[in-house]
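The structure under discussion appears below in the form of structure tokens.
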Amino acid sequence: MSEKIEEIYIEQATRLIEGAEVIPNGVMGLAKKLQKSAKTSVPLRVKLGLDPTRPDLHLGHSVVMRKLKQFQDLGHKIVLIVGGATAMVGDPSGKSETRPALSKEEVAQNAKTYFEQMSRVVDIQNAEVVNNADWLHSMSFVDMLKLTSGVTVAQIMTRDDFAKRYKEGLPISVVEFFYPLMQAYDSVEIKADIELGGTDQRFNLLMGRDIQTYYGSDDPQLAMLLPLIEGTDGIVKMSKTYPEHCISINENPKNMYGKLMSIPDELMPRYYQLLTDLKFNSENNPRDEKMRLAYEITKMYNGEEAATAAQNDFVNVVQNKGIPSDLKETRLGAPTPVLDLLVQLGFSASKGEAKRLVAQGAVKFEGEKISDISVMVSQNGVLQAGKRNYAKIVF
RNA sequence: GGGUAGGUGCCCGAGUGGCUAAAGGGAGCAGACUGUAAAUCUGCCGUCUAACGACUACGAUGGUUCGAAUCCGUCCCUGCCCA
């Protein structure tokens, strides 16, 4: 019964699967889907669920988005699901607390900013966009019973983070059990052929398969799992939970470049592989290799000009300890104590912290170190606090 | 419903009447150094004050005490066990 799969689909699948894991049957599973699609002239429906409670996308998401784009380039249909309903449950993975339900307007607004960011990578115009509130909110209690009877508690508990939290005595709300079910039901509703997600989505994506079968599908979706990249500290996954290690897609170019320069050296090969089309070259000086990486990624999201400017600025400010080219001017009406000024400019969170900065020799005016916390700034000049904060003071 | 263990600063986590703005770690910030905002080392790390010091803080609230994160009452929240 197993139908012969032609070489070209295997090749195609091999390219698509690069960096990812497909369940079940890996390359062959994917190749089979591709062949079926080609033979029947029906594009594959490639699903990605979006959580509208966190409209900020970061480079971690771009791994998945780049993969979506590849499917698009092969003529397949990507289906983006805005989690209007799932947003009310909250993502059960790990720490996040139950979030207040978002209004319809908020969901729509967040979805919009989502798409703006995504459009830097994928072709949103040709994507199918739906909101799962459209079918989940109108489900009856009877419908829900039918859905829930498709799985057992033991099955749900095999999910890694549930098992772990249970074992550690951390709370698990019953409502969280619904999250995988809702997400799985989405696959039934949109007739997904493949669902993409991070490796942390393994359980949810496989649940989609089971539920599709439960609802009568004879060719349920494949799960395509993509690696999660580490944040800039190289240890924790890039996630909004750790904003300090996160590089947003709409980060300003200078910050994006700088944050990329702050990743540990060991992380470079992974970033190269997952976030760019370039190849990492271990022969090169690591610093130069990191600069090339930072430049490339900054360029992808901000264009060549901005990337060049960001790079020049980095060389100038960080490497040569110079002054940034595009200083923001701050106009003062009257002489101001440095401490107040530092707070006012947002260079320190409190006056106490500002004092410490001065005491630690981090504050300079026109290149001269300020060592007295009672100094008044009363003339034009450049104020510097630490390595990165500069302001041009004008009266 | 009963029993039992808990709720500490951005996070984790010590602390069981004064020496506690509260150990330690992480994160963050600064300085030095460097091949980078890597690594490493050092310092800082509640708010206000020039400073003395004042205020705020250990789930909530009300007490006891010269004095409470630490003791007592009530309440809220979470885990586990039993029913």
Side-chain angles (χ1 to χ4, degrees), chain A residues 59 94-98 157 162-176 230-247 251-272 280-298 310-324 336-340 342-364 369-376 383-390:
Chain A
L59 290 183
K95 307 220 165 194
S96 44
E97 302 101 43
T98 328
M157 286 306 292
F162 283 147
K164 204 169 146 216
R165 279 200 279 164
Y166 189 71
K167 201 174 148 209
E168 286 173 4
L170 294 170
I172 301 170
S173 162
V174 173
V175 78
E176 295 183 60
E230 290 77 11
T232 55
D233 67 343
I235 299 164
V236 298
K237 298 299 168 200
M238 189 175 285
S239 142
K240 277 285 158 217
T241 316
Y242 311 101
E244 65 276 17
H245 300 140
C246 210
I247 303 177
E251 195 95 46
N252 83 56
K254 275 165 125 184
N255 268 345
M256 184 181 269
Y257 189 97
K259 283 189 173 183
L260 285 163
M261 286 306 285
S262 81
I263 66 169
D265 291 356
E266 310 79 68
L267 210 52
M268 280 197 279
R270 260 178 89 68
Y271 270 41
Y272 263 101
F280 173 67
N281 181 351
S282 58
E283 305 287 298
N284 287 349
N285 177 327
R287 186 199 59 177
D288 296 337
E289 207 51 7
K290 205 180 280 183
M291 286 176 75
R292 192 164 71 97
L293 174 73
Y295 178 83
E296 175 68 14
I297 295 177
T298 309
Q311 183 160 56
N312 290 342
D313 210 71
F314 184 85
V315 171
N316 177 27
V317 177
V318 180
Q319 293 182 8
N320 301 330
K321 298 184 194 292
I323 292 170
T336 310
V338 231
L339 297 186
D340 291 330
L342 288 169
V343 175
Q344 193 184 319
L345 291 166
F347 291 173
S348 65
S350 67
K351 285 181 87 170
E353 192 180 305
K355 266 181 237 176
R356 267 176 253 133
L357 285 174
V358 174
Q360 290 175 138
V363 182
K364 291 180 187 164
K369 206 174 276 185
I370 293 179
S371 47
D372 180 0
I373 52 174
S374 62
V375 161
M376 301 288 283
L383 181 74
Q384 177 189 358
K387 285 182 197 121
R388 289 187 250 168
N389 299 315
Y390 290 86

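Chain naming here is simple, since letters A, B, ... match the order of the sequence lines and numbering starts at 1 in each. Note that the coordinates shown come from a computational prediction; the quantities given were computed from them, not determined experimentally.
Between B:rG46 and B:rA51, the distance separating the two P atoms is 15 Å to the nearest Å. Rounded to whole Å, the separation between the C1' atoms of B:rG6 and B:rC58 comes to 14 Å. When the P atom is used for both B:rG18 and B:rC72, the distance is 15 Å, rounded to whole Å. Of the C1' atoms belonging to B:rC11 and B:rU16, the separation is 24 Å, rounded to the nearest Å. Taking atom P on both nucleotides, B:rC10 is separated from B:rC77 by 24 Å, rounded to a whole Å. B:rA5 sits 23 Å from B:rG9 when the C1' atoms are compared, rounded to a whole Å. For the P atom pair drawn from B:rA60 and B:rU8, the interatomic distance equals 10 Å after rounding to whole Å. Nucleotides B:rA21 and B:rU70 place their P atoms 15 Å apart, quoted to the nearest Å.
Nucleotide B:rA30 forms a pair with B:rU42, judged by Watson-Crick or G-U wobble geometry with both contacts under 3.5 Å. Checking B:rA69 for Watson-Crick or G-U wobble geometry (two distances, each under 3.5 Å) identifies no partner in any strand. For B:rU47, the paired base is B:rA54 (Watson-Crick or G-U wobble, both distances below 3.5 Å). Base-pair partner of B:rG24: B:rC12 (Watson-Crick or G-U wobble, both distances under 3.5 Å). When Watson-Crick and G-U wobble pairs are counted only if both distances are under 3.5 Å, B:rU74 pairs with B:rA60. Figure legend. B:rU4 is base-paired to B:rG79; pairs are counted as Watson-Crick or G-U wobble with both atom distances under 3.5 Å.
The OH-P distance, from A:Tyr295 to B:rA37, rounds to 21 Å in whole Å. Taking atom CG on A:Asp340 and atom C1' on B:rC48, their separation rounds to 12 Å, with Å as the unit. Taking atom CD1 of A:Ile263 as the reference point, atom P of B:rA39 lies 11 Å away to the nearest angstrom. Separating the NZ atom of A:Lys351 from the P atom of B:rC44 is a distance of 23 Å, rounded to the nearest angstrom. For the pair A:Met261 CE and B:rA39 C1', the interatomic distance rounds to 14 Å; values are reported in whole Å.
Although no hydrogens or angles enter the test, the distance criterion places a donor-acceptor pair under 3.5 Å between the side chain of A:Gln384 and the main chain of A:Gly386.
Scanning for salt bridge (charged side-chain N to carboxylate O under 4.0 Å, His left out) contacts around A:Arg356 gives an empty result, with sequence neighbours left out. Under the ring pair (Phe, Tyr, Trp, His ring centres under 6.0 Å) criterion, A:Tyr272 pairs with A:Phe280, not counting sequence neighbours. Residues that satisfy the side chain to side chain contact (heavy atoms under 4.5 Å, CB included) test with A:Asp313, not counting sequence neighbours, are A:Lys254, A:Val317, A:Pro324, A:Ser325, A:Asp326. Residues satisfying the ring pair (Phe, Tyr, Trp, His ring centres under 6.0 Å) test with A:Phe314, not counting sequence neighbours, are A:Tyr257.
For the pair A:Lys290 and A:Ile263, the tightest heavy-atom approach, listed with the atom from each and the gap, is NZ-O, 2.5 Å. A pairwise comparison of heavy atoms in A:Thr298 and A:Pro253 identifies CG2-O, 3.7 Å as the closest pair.
Distance check: A:Leu342 CG to A:Asn389 CG gives 9.0 Å after rounding to the nearest 0.5 Å. Remark: A:Leu339 CG to A:Met376 CE distance equals 10.5 Å, nearest 0.5 Å. Note: A:Asn255 CG to A:Leu260 CG = 10.5 Å, rounded to the nearest 0.5 Å. In this structure, the separation between CD on A:Glu251 and CD1 on A:Ile297 is 12.5 Å, given to the nearest 0.5 Å.
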Exercise. Using a cut-off of 4.0 Å between protein heavy atoms and nucleotide atoms, how would you tag nucleotides 27-35 of chain B 5' to 3' with B, S and -?
Worked result: SSSSS--BB
N/O to N/O distances under 3.5 Å, protein versus nucleotides 51-53 of chain B:
| unit_1 | atom_1 | unit_2 | atom_2 | d |
| --- | --- | --- | --- | --- |
| B:rA51 | OP2 | A:Lys355 | NZ | 3.2 |

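Look at A:Ser350 and you'll find a side-chain N or O under 4.0 angstrom from OP1 or OP2 of B:rU47.
Residue contacts for A:Leu267: at a heavy-atom cut-off of 4.0 Å it reaches no nucleic acid atom on any strand shown. At the heavy-atom level, A:Gly258 lies under 4.0 Å from base atoms of the strands shown.
With the nearest nucleotide of RNA chain B identified for both A:Glu266 and A:Val343, A:Glu266 has the one nearer the 5' end. Toward the 5′ end of RNA chain B lies the nearest nucleotide of A:Leu260, the other residue of the pair A:Leu260 and A:Ser374 mapping further downstream.
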